Amino acid sequence: MLDDLILHDLKNPLSGITGSIGLFLDDTLGPINAEQKKYLENINFSAKKLALLLLELSFINNAEKGDLAVAKSAFPAGELLKELTWLRRLAEKESKTIKENVDGNLSVRADKELTVMIIADLLLNAVKQAERGGAVTLNLKQEKDHFMFEIIHPGEGVPKEYAAKIFNKNFRAENPQLKAKTSPGLGFYFCKLAVEAQGGSISVESTVGQGSRFYFYLPRA
Amino acid sequence: MAKILLMDDEPEFVEMLSLRLRKTGGYEVITAFDGEEGLKAAQANRPDLIILDLMMPKMDGRKVIEELKKSDQTRGIPVIVLSASASPKTAEELLKLGGFDFIVKPFEPPTLMAKIKAALEKKNAR
């Protein structure tokens, strides 16, 4: 895995990139035309994906060194949604939608940064898998002892024999169609580590040719 | 208008964040590019809040916090620590040392602005 210093040296300039693009996209520097916005957004999406990857690598790095500490706090679920604005915009550009069935006032107890990263990773995968015109659904439900988060999307689905392995490090499907659309395996591995670090569990239900439901539980206490 | 001292050794990042703080937050911003310069700026200007990077030349963020806490003039200034590499364990240590809050780079601007607002409200409530 990447050394801490290398990760630091990669994340610093990325911070400058995403921050500077943000100044254009939220009109802090004045209005921009539609074409300028389109290409700046493209840079922003690439930078956000890279930022997410680096944050995940950093977490995996720490987890594999045994240096894991999660910082749980109570916060309204709406704060999770605020961090996902760029993903909604990414989906829109690809003519896909993200439907959110989340009560913004629901008080969630979790490591907020980690939980945002988990949801972002699963949503990115879902948006990638969905066809144009398709919808991805994010649900959050409070159950007796847990919060249940689920991301449901139409798509090619995951064959049963891969469902158990998909959260393993460096999993890469042997199926050429799936291989073209799956990540090298770190995203799902990160999700598993991050969910389990908070005392939760993650799983997937899928039907080939129809789509998948990724879901994870986080304990309420 | 609240005064914020921003310490970071990446000039492009400092330029970007200074603009964000001034335009979005309406804050007055003082900048420094290493820990020594930053400490002197804190003593001279008595900002309402300090935002500092953990890894800086000459004096790192941890040492700056230690020095700030030694002086009556700077002890009460809330500090938000930025870091591109620190683990949650380091974050916990820095908060125990006297840091008010911690944020990992890269971050969403609204997240930082919310933390700044919270820090200033707490300071003013004292």
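All values below were derived from every heavy atom in this structure, side-chain atoms included, with hydrogens, water molecules and symmetry-related copies excluded. None of these values were measured; they are calculated from a predicted model. Lettering follows sequence order; numbering is per chain, from 1.
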Excluding sequence neighbours, so at least two apart, what forms side chain to side chain donor-acceptor pair (under 3.5 Å) with A/D121?
none

What residues form a side chain to side chain donor-acceptor pair (under 3.5 Å) with A/E150, not counting sequence neighbours?
A/N139, A/K141, A/R213

Rounded to the nearest 0.5 Å, what's the gap from [atom1] on [X] to [atom2] on [Y]? Could you check?
| X | Y | atom1 | atom2 | value |
| --- | --- | --- | --- | --- |
| B/K105 | A/L10 | NZ | CG | 13.0 Å |
| B/F107 | A/E113 | CZ | CD | 11.0 Å |
| A/T85 | B/E108 | OG1 | CD | 7.5 Å |

I want to check something: taking the side chain as every heavy atom from C-beta on, are B/V104 and A/K11 in contact at a cut-off of under 4.5 Å?
yes

In residues 72-84 of chain A, which residues are in contact with chain B at a heavy-atom separation under 4.5 Å?
A/E83

Positions in residues 20-38 of chain A that reach chain B, provided some heavy atom is under 4.5 Å away:
A/S20, A/G22, A/L23, A/D26, A/T28, A/L29

Would the number of heavy atoms belonging to other residues, nucleotides or ligands and lying under 6.0 Å from NZ of A/K93 be above 12?
yes

With a cut-off of 6.0 Å (strictly less than), are more than 12 heavy atoms of other residues, nucleotides or ligands near CD of B/E15?
no

Which atoms of A/L55 approach chain B - backbone, side chain, both or neither, heavy atom under 4.5 Å
side chain

Heavy-atom pairs under 4.5 Å with chain A, option from B/L82, B/D53, B/L19 with the top count
B/L19

What is the minimum heavy-atom distance between B/P106 and A/S15, and which atoms define it?
CA-OG, 3.5 Å

